Amino acid sequence: MRSEDTLIGGRNPAVEALRSGVPVRRVLLADGIDSDRRVQEIRERCEHDGIEIRVVARRELDRLTGTGHQGVVVVVPPFTYADEREIVDRAFERAPHLLLAVDGVTDPRNLGAIVRSAAAFGASGVLLPKRRAAGVTPAVWKASAGALARMPLARVTNMARVLVALAERNVTVVGLSADGDTTIQQAADDAGGGPVALVVGAEGRGLSRLVREKCTVVASIPMTGTVESLNVSVATGIALFVLSQRLSG
């Protein structure tokens with residue numbers, strides 16, 4: 001095993017990785033593992049795809065990943081980030097003409113869930129800051145449930161500058177905030193079918209001041225209940241759904 005390899009523990013994440021075409025190097029199974037339908041599928045997919053299965057002591061898996069592996073660890077190569085220009089170009093080329101910019105999310109589980117929503121609702125890719133933000137880790141792989149295998153991610157040095165460049169290309173930059181000036185539905189309609197970049201902020205503080213200033217519009221998700229705000233990954237999923245429906249219509 002190479003030092004730069006990523007280790008994804010857990011039966012469901014392993015199944016999702018194999019189903020989604022993640023470039024798996026090998027699968028580690030605990031000696032004496034109790035076999036259920038997920039373990040059986042893992043064995044069958046590895047045999048079909050020519051992926052090595054290595055049986056190791058459970059304590060070795062504990063040492064490698066902690067105790068949440070359920071007897072299964074998938075070994076994948078380091079994640080390769082995309083070029084931001086490719087993501088932007090893809091947003092112009094195919095419906096729903098939507099990309100996502102994540103301004104400082106630090107929780108890998110939130111980032112993984114956000115990537116999963118981006119893949120589900122047809123985003124062309126995800127832009128991430130290089131500093132003070134989560135990058136791709138085993139926890140992100142696990143939370144994305146395999147979506148990282150088909151969703152390009154790019155790391156950018158200056159998010160505000162990237163948003164300015166998007167606006168100059170006639171991309172509508174929609175910031176997401178609970179105190180937005182309009183609704184996410186109206187922002188989608190006002191985009192007129194052109195490319196949209198949805199920008200979401202960090203846990204707790206939301207959009208940074210500089211990034212917010214570079215948005216074409218700041219929109220909110222209308223809520224009828226008493227909850228004041230949503231988790232960033234939940235809010236992102238809802239906003240992506242609304243945008244994908246309006247932009248594809």
Side-chain angles (χ1 to χ4, degrees), residues 84-105 110-111 113-129 133 147 151-154 156 158-249:
E84 66 185 81
R85 291 168 295 185
E86 296 174 7
I87 291 174
V88 176
D89 289 344
R90 287 180 66 191
F92 277 89
E93 292 166 1
R94 67 178 196 180
H97 308 296
L98 175 64
L99 64 97
L100 177 64
V102 180
D103 178 30
V105 166
N110 279 335
L111 179 57
I114 286 170
V115 170
R116 190 174 188 181
S117 292
F121 298 120
S124 67
V126 180
L127 305 179
L128 304 171
M151 177 53 48
L153 272 64
V156 302
N158 188 317
M159 184 66 76
R161 188 179 302 155
V162 169
L163 299 183
V164 169
L166 289 174
E168 289 174 349
R169 291 188 64 179
N170 295 318
V171 176
T172 302
V173 181
V174 179
L176 188 65
S177 177
D179 62 350
D181 304 316
T182 186
T183 66
I184 191 67
Q185 296 95 324
Q186 189 61 53
D189 292 343
D190 290 345
V196 170
L198 176 66
V199 189
V200 299
E203 302 93 344
R205 67 177 176 86
L207 296 170
S208 66
R209 178 188 58 81
L210 188 57
V211 163
R212 185 179 180 121
E213 290 175 353
K214 305 307 178 186
C215 294
T216 311
V217 62
V218 178
S220 64
I221 298 171
M223 293 189 289
T224 57
T226 58
V227 176
E228 292 184 0
S229 62
L230 298 170
N231 169 276
V232 63
S233 64
V234 174
T236 302
I238 294 170
L240 286 170
F241 169 73
V242 171
L243 289 169
S244 68
Q245 293 297 298
R246 298 291 176 112
L247 296 174
S248 299

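The structure presented is a predicted model; accordingly, all values stated were derived computationally and were not measured. What's counted below: heavy atoms across the whole structure, side chains too, no hydrogens, waters or symmetry copies.
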- request: Examine distances only and state if a side-chain atom of Thr216 and a backbone atom of Val173 form a donor-acceptor pair shorter than 3.5 Å.
  value: yes
Backbone of Gly194 reached by a side-chain donor or acceptor of His97 within 3.5 Å: no
Is the shortest heavy-atom distance from the side chain of [X] to the side chain of [Y] under 4.5 Å?
{"X": "Val200", "Y": "Leu198", "result": "yes"}
{"X": "Glu86", "Y": "Pro152", "result": "no"}
{"X": "Ile221", "Y": "Thr183", "result": "no"}
{"X": "Val196", "Y": "Leu247", "result": "yes"}
{"X": "Arg116", "Y": "Ser233", "result": "no"}
{"X": "Leu153", "Y": "Leu128", "result": "yes"}
{"X": "Val162", "Y": "Lys214", "result": "no"}
{"X": "Val88", "Y": "Leu166", "result": "yes"}

- prompt: Hey, mind stepping through Arg94 and Asp89 against salt bridge (Lys or Arg N to Asp or Glu O under 4.0 Å) and telling me if it holds?
  reply: CA-CA 9 Å; Arg94 67 178 196 180; Asp89 289 344; over 6 Å; no
Could you pull out the closest heavy-atom pair between [X] and [Y], with the gap in Å?
{"X": "Met159", "Y": "Leu127", "answer": "CE-O, 3.7 Å"}
{"X": "Val218", "Y": "Ser177", "answer": "CG1-CB, 3.6 Å"}
{"X": "Ala187", "Y": "Ala219", "answer": "CB-CB, 4.0 Å"}
{"X": "Ser220", "Y": "Ala178", "answer": "CB-O, 3.7 Å"}
{"X": "Gly237", "Y": "Ser117", "answer": "CA-OG, 3.7 Å"}
{"X": "Leu98", "Y": "Phe121", "answer": "CD2-O, 4.3 Å"}

- request: Show the numbers, then the answer: is there a side chain to side chain contact (heavy atoms under 4.5 Å, CB included) between Val211 and Val199?
  value: CA-CA 9 Å; Val211 163; Val199 189; 3.7 Å; yes
field: From Leu207 atom CG to Leu176 atom CG, the distance as rounded to the nearest 0.5 Å
entry: 7.5 Å
task: Hey, could you give me the OG/CD1 distance between Ser124 and Ile87, rounded to the nearest 0.5 Å?
output: 6.5 Å
task: Show the numbers, then the answer: is there a side chain to side chain contact (heavy atoms under 4.5 Å, CB included) between Leu100 and Val102?
output: CA-CA 7 Å; Leu100 177 64; Val102 180; 4.1 Å; yes
In terms of heavy-atom contacts, does [atom1] of [X] have more than 12 from other residues, nucleotides or ligands at under 6.0 Å?
{"X": "Arg85", "atom1": "CZ", "value": "no"}
{"X": "Arg161", "atom1": "CZ", "value": "no"}
{"X": "Phe92", "atom1": "CZ", "value": "yes"}

query: Where do Leu99 and Val126 land on the side chain to side chain contact (heavy atoms under 4.5 Å, CB included) test, with the steps shown first?
result: CA-CA 6 Å; Leu99 64 97; Val126 180; over 6 Å; no
Working for side chain to side chain contact (heavy atoms under 4.5 Å, CB included), residues Glu213 and Leu163: CA-CA 10 Å; Glu213 290 175 353; Leu163 299 183; over 6 Å; no
message: Checking side-chain polar atoms at under 3.5 Å, does Gln185 have a donor or acceptor matched by the opposite partner on Asp189?
response: no
